[in-house]
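Both backbone and side-chain heavy atoms feed into the values below; hydrogens, waters and symmetry mates do not. Residue numbers start at 1 and run along the sequence shown.
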Amino acid sequence: GGLKAYNVIRFDGNNNTTLFDGFIVQDGRANGTTEFLGGAIFSNNASPKIINCKFLNNNAQQHGGAIYLNGVSTPQVLNCEFTNNTTTQY
């Protein structure tokens, strides 16, 4: 149920001072006609710090079941748990 968001979280052009800490990101579905990358997170030219997070049961139609990096994205991912994140096509 519920409305489709495709990417649960989207970072666009954020610098390395952006902090995403202690979240559970679950059941993201990037399966739209234009939004098909990064079931939990789509990062576009962004370098957030992602720490102490859990990524559970997220899916992307093409790439990045949990996280997809586009452009110049260099996030720091520390102390995170990834469980059952998948892609449909690849």
Side-chain angles (χ1 to χ4, degrees):
L3 300 174
K4 291 186 182 245
Y6 301 116
N7 314 111
V8 177
I9 305 297
R10 187 174 178 104
F11 296 107
D12 280 304
N14 305 99
N15 61 28
N16 62 1
T17 61
T18 301
L19 178 62
F20 189 71
D21 184 4
F23 288 89
I24 297 173
V25 185
Q26 182 172 334
D27 298 324
R29 298 284 178 262
N31 61 0
T33 55
T34 59
E35 300 294 333
F36 45 77
L37 304 167
I41 292 178
F42 182 93
S43 180
N44 183 49
N45 296 314
S47 300
K49 187 179 288 186
I50 302 166
I51 60 175
N52 303 314
C53 294
K54 293 183 181 183
F55 297 92
L56 311 169
N57 305 315
N58 297 288
N59 177 269
Q61 185 175 339
Q62 288 194 7
H63 300 290
I67 299 174
Y68 181 79
L69 306 177
N70 188 56
V72 183
S73 292
T74 56
Q76 294 180 48
V77 181
L78 306 167
N79 197 37
C80 292
E81 177 184 323
F82 295 84
T83 304
N84 197 35
N85 299 286
T86 60
T87 61
T88 303
Q89 289 185 339
Y90 303 102

**Message:** Could you check whether any side-chain heavy atom of P75 comes within less than 4.5 Å of a side-chain heavy atom of L69, counting everything from C-beta outward?
**Reply:** yes
**Message:** Within the structure provided, determine whether E81 and L56 are in side-chain contact (heavy-atom separation under 4.5 Å).
**Reply:** yes
Judged by atom type as modelled, is there a donor-acceptor pair below 3.5 Å linking the side chain of [X] to the main-chain atoms of [Y]?
X	Y	value
N44	G71	no
N58	G28	yes
N14	P48	no
S73	S43	yes

**Message:** Quick check: closest heavy atoms across C53 and G22, and the distance to 0.1 Å?
**Reply:** SG-N, 3.7 Å
Straight-line distance of [X] [atom1] to [Y] [atom2], nearest 0.5 Å:
X	Y	atom1	atom2	result
N59	N85	CG	CG	9.0 Å
F11	I67	CZ	CD1	8.5 Å
T83	N57	OG1	CG	8.0 Å
I41	F23	CD1	CZ	10.0 Å
T18	I50	OG1	CD1	10.0 Å
D27	F55	CG	CZ	13.5 Å

**Prompt:** Should F82 and Y68 be counted in the same cluster of Ile, Leu, Val, Met, Phe, Trp and Tyr side chains packed under 4.5 Å apart?
**Reply:** no
**Item:** Criterion side-chain contact (heavy atoms from CB on, under 4.5 Å) on V8 and Q26, from CA distance to verdict
**Value:** CA-CA 8 Å; V8 177; Q26 182 172 334; over 6 Å; no
**Fill in**
Which of T74, N15, T17 passes side-chain hydrogen bond (donor to acceptor under 3.5 Å, both in side chains) with S47? It is T74
